[in-house]
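The shown structure was predicted, so the numbers you read here are calculated from the model rather than taken from an experiment.
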Amino acid sequence: MRHLEVFQAVAHANDGNRASGTPGYRGSMDYVLGRLRAAGYAPRVQTFSFPFFREVRPATVAAGGTQLAAEDVAVMTYSGSGTVTAPVQAVDTTGEPGAGTSGCAAEDFAGFPAGSVALLQRGGCSFADKAAAAQAAGASAVLIFNTGLPGEEGVVTGTLGTPGVVTVPVVGLSHAAGRALLGADEVTVTVEAVSEQRETSNVLAETGTGNPERTVMVGAHLDSVPEGAGINDNGSGSAAILAVAEALAGRVTENRLRFAWWGAEEFGLLGSRHYVADLKANDPAALAAVALYLNFDMIGSPNYGRFVYDGDGSAFGPDVSAEAPAGSAAIEAAFHAHFGSVGLASGETEFSGRSDYGPFIAEGVPAGGLFTGAEGIKTAEQAALFGGRAGVGYDFCYHARCDDLSNIDVQGLDEMTDAAAAVILRFATSTGDVEGVGRQLRTAAAPALPVTVDQGHGPSNAAEEKRAR
């Protein structure tokens with residue numbers, strides 16, 4: 001909790017957040033580095049560049065003097081900025097429900113009045129392709145509304161892929177809002193955002209003892225979203241592994257321990273991806289020496305559950321879970337065994353690859369970890385087992401400004417940190433039950449508590465593709 005108090009103070013002094021590429025992240029990193037050095041570690045900083053985006057103020061769209069409702073408007077990630085007032089021009093769409101190819105081809109813009117705002121419908125190609133084609137045709141701003149098909153009536157949220165490709169404002173709309181603008185003469189579109197390449201860093205520290213050929217990696221992302229301080233997401237995991245690292249400083253263990261605080265997780269697992277890719281390209285032997293990876297992302301949720309990543313694939317089918325490297329089942333079992341030993345119930349959460357363990361399992365490294373829930377809704381059965389309130393989110397401040405120090409359940413954080421410490425120490429002592437096991441077979445049997453909660457972090461390939469289209 002003392003570590004979290006510092007993270008909160010850092011955010012308070014730096015525009016309310018600790019996002020990668022900002023002074024708040026640098027302050028968080030400096031604090032972790034200072035604590036590690038004081039404990040006797042020689043931490044390493046690994047710097048990399050990444051595409052930064054922050055919406056300074058919510059985007060607005062107005063027609064005929066009336067502003068569209070906020071829930072019908074969402075800026076596209078990596079949109080350009082500015083205020084544009086211009087005629088609106090529909091492109092290859094009547095607004096009827098459907099996924100056509102509006103704006104996907106250059107010929108769609110034949111006769112397009114330069115300087116107009118292009119009104120496009122989702123479907124047929126990526127948002128980036130639509131926006132780039134509209135910009136090339138002379139559009140001063142781009143509005144992309146949803147298809148109107150079942151499940152696609154609400155506001156479109158998506159990404160243009162990278163900063164600088166499209167420099168005009170690009171905004172997603174609900175289907176109803178898009179249809180309403182078909183009859184408008186003129187619209188005003190306002191986007192105020194920062195979209196650029198920035199630098200950030202990972203922090204790495206390892207013990208001086210233990211077999212380096214059996215390295216146990218322990219990680220948590222240090223960055224918050226730009227919207228808030230990120231004290232649960234993921235100050236909680238960062239503080240927990242920092243406390244464990246301090247407690248283990250100078251202790252002799254059989255296996256090497258390497259702790260990692262990842263940057264730019266909230267921009268797509270970029271820190272852990274960079275680390276794994278760098279090892280794969282420049283030191284494949286070091287990557288092969290990683291016996292397992294333990295991930296701690298959001299472990300202090302105010303309406304928490306004690307969730308363990310489903311490493312054996314028994315709770316979720318292959319459409320939800322990523323491929324589980326051999327040994328992941330043993331990691332899951334170790335966490336459940338700890339909770340059982342102290343008389344606490346535990347459930348499972350999807351092993352989807354949507355946190356910093358994703359790049360490790362993609363390279364066949366066994367992985368596991370803990371999670372107390374994000375925006376998913378706690379069931380009555382879970383409330384009976386874990387306490388808390390049924391019918392509301394595990395963390396109702398997920399990715400919001402209110403994710404501050406008051407958003408932490410101290411008892412839950414204590415229980416999860418104890419579990420982290422116990423399992424980290426277990427594998428620092430021996431990785432025998434992870435090594436040399438066959439690939440775990442997925443079964444149709446599900447445990448009593450399948451938790452189909454979107455972990456809400458760096459997107460899987462499928463989720464990334466969906467956001468782009």
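- Side-chain contact between Ile231 and Phe7: present, with at least one pair of heavy atoms (C-beta onward) separated by less than 4.5 Å.
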Can you list the steps and then say if Val290 with Arg258 is a side-chain contact (heavy atoms from CB on, under 4.5 Å)? CA-CA 9 Å; Val290 178; Arg258 183 177 302 139; 4.2 Å; yes

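- The closest side-chain heavy-atom distance from Phe127 to Ile144 is below 4.5 Å.
- Closest approach of Asp395 and Gly373 over heavy atoms only: CB-O, 3.8 Å.
- Between Phe351 and Phe316, the closest side-chain pair of non-hydrogen atoms is not below 4.5 Å.
- Remark: Asn17 CG to Glu266 CD distance equals 11.0 Å, nearest 0.5 Å.
- A donor-acceptor contact shorter than 3.5 Å links the side chain of Ser126 to the backbone of Asp129.
- Rounded to the nearest 0.5 Å, atoms CG (Asp409) and CD1 (Ile299) are 12.0 Å apart.
- Asn146 pairs in a side-chain hydrogen bond (donor to acceptor under 3.5 Å, both in side chains) with only one of the listed residues (His175, Gln121, Arg122), which is Arg122.
- Looking at heavy atoms from C-beta onward, Leu173 lies out of side-chain contact with Asp72 at the 4.5 angstrom threshold.
- In this structure the side chain of Glu415 never reaches within 4.5 angstrom of the side chain of Val342, judged on heavy atoms.
- Looking at heavy atoms from C-beta onward, Asp297 lies in side-chain contact with Glu265 at the 4.5 angstrom threshold.
- The main-chain N or O of Arg389 is found under 3.5 Å from a side-chain atom of Asn303 such that the two form a donor-acceptor pair.
- Remark: Glu254 CD is loosely packed, at most 12 non-hydrogen atoms of other residues, nucleotides or ligands lying under 6.0 Å away.
- The closest donor-acceptor contact from the side chain of Thr431 to the backbone of Phe427 lies at 3.5 Å or more, if one exists at all.
- For Thr372 (side chain) and Gly305 (main-chain N/O), no donor-acceptor pair under 3.5 Å exists by modelled atom type.
- Taking the six-membered ring where tryptophan is involved, the planes of Phe360 and Tyr293 are essentially parallel, since the angle between them stays under 30° and well short of 60°.
- Using a 4.0 Å cut-off between a side-chain N of Lys or Arg and a carboxylate O of Asp or Glu, Asp433 and Arg426 qualify as a salt bridge.
- The backbone N or O of Ile408 lies less than 3.5 Å from no partner atom in the side chain of Asn232, so there is not a single donor-acceptor pair.
- A distance of 9.0 Å separates CZ in Phe50 from CD in Glu196, rounded to the nearest 0.5 Å.
- Classified by interplanar angle (parallel below 30°, tilted 30° to 60°, perpendicular above 60°), the ring pair Tyr309/Phe371 is parallel.
- Atom OG1 in Thr207 sits 4.5 Å away from atom CG in Leu257 (nearest 0.5 Å).
- Between the side chains of His221 and Asp233, a donor-acceptor pair is found at a separation under 3.5 Å.
- Put simply, the side chain of Tyr41 never gets that close to the backbone of Leu33: no donor and acceptor are under 3.5 Å apart.
- Shown are Pro43, Ser201, Ser20; of these, the side chain to side chain contact (heavy atoms under 4.5 Å, CB included) with Met29 is made only by Ser201.
- Here the side chain of Glu153 pairs a donor or acceptor atom with the backbone of Gly151 at under 3.5 angstrom.
- Minimum interatomic distance between Asp312 and Ala329 (heavy atoms only, all atoms of both residues): CB-CB, 3.5 Å.
- Residue Ala131 comes nearest to Val166 through the heavy atom pair CB-CG2, 3.9 Å, listed as atom of the first residue, atom of the second, then distance.
- Of the N and O atoms on the side chains of His399 and Glu375, not one donor lies less than 3.5 Å from an acceptor on the other residue.
- Residues Tyr25 and Leu222 meet the side-chain proximity criterion, which asks for heavy atoms closer than 4.5 Å.
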Would Glu192 and Val75 count as a side-chain contact (heavy atoms from CB on, under 4.5 Å) if you check the C-alpha gap in whole Å, the side-chain angles of each, and the deciding distance to 0.1 Å? CA-CA 9 Å; Glu192 188 175 351; Val75 67; over 6 Å; no

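- With rounding to the nearest 0.5 Å, the separation of CE in Met416 from CE in Met298 is 11.0 Å.
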Worked check of side-chain contact (heavy atoms from CB on, under 4.5 Å) between Arg251 and Leu425: CA-CA 10 Å; Arg251 181 164 180 165; Leu425 187 57; 3.9 Å; yes

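- Side-chain rings of Tyr304 and Phe386 stay apart, their centers remaining 6.0 Å or farther from each other.
- Between the Thr253 side chain and the Asn255 main chain, a donor and an acceptor come within less than 3.5 Å of each other.
- Side-chain contact between Phe396 and Ser301 is absent, with no heavy-atom pair separated by less than 4.5 Å.
- When all heavy atoms of Pro359 and Val276 are compared, the pair lying nearest together is O-CG1, 3.7 Å.
- When atom types are taken as modelled, the side chain of Ser195 and the backbone of Phe53 share no donor-acceptor pair closer than 3.5 angstrom.
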Walk me through whether Phe48 and Leu270 qualify under side-chain contact (heavy atoms from CB on, under 4.5 Å). CA-CA 9 Å; Phe48 60 96; Leu270 300 184; 4.2 Å; yes

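- Closest approach of Phe339 and Ser346 over heavy atoms only: CD1-CB, 3.5 Å.
- With rounding to the nearest 0.5 Å, the separation of CG in Leu385 from NZ in Lys378 is 9.5 Å.
- Relative orientation of the His3 and Tyr31 rings is perpendicular, given thresholds of 30° and 60° on the angle between their planes.
- Asp403 contributes no side-chain N or O that, together with a main-chain N or O of Cys397, makes up a donor-acceptor pair within less than 3.5 Å.
- Heavy-atom minimum distance, Met76 versus Thr159: SD-N, 4.2 Å.
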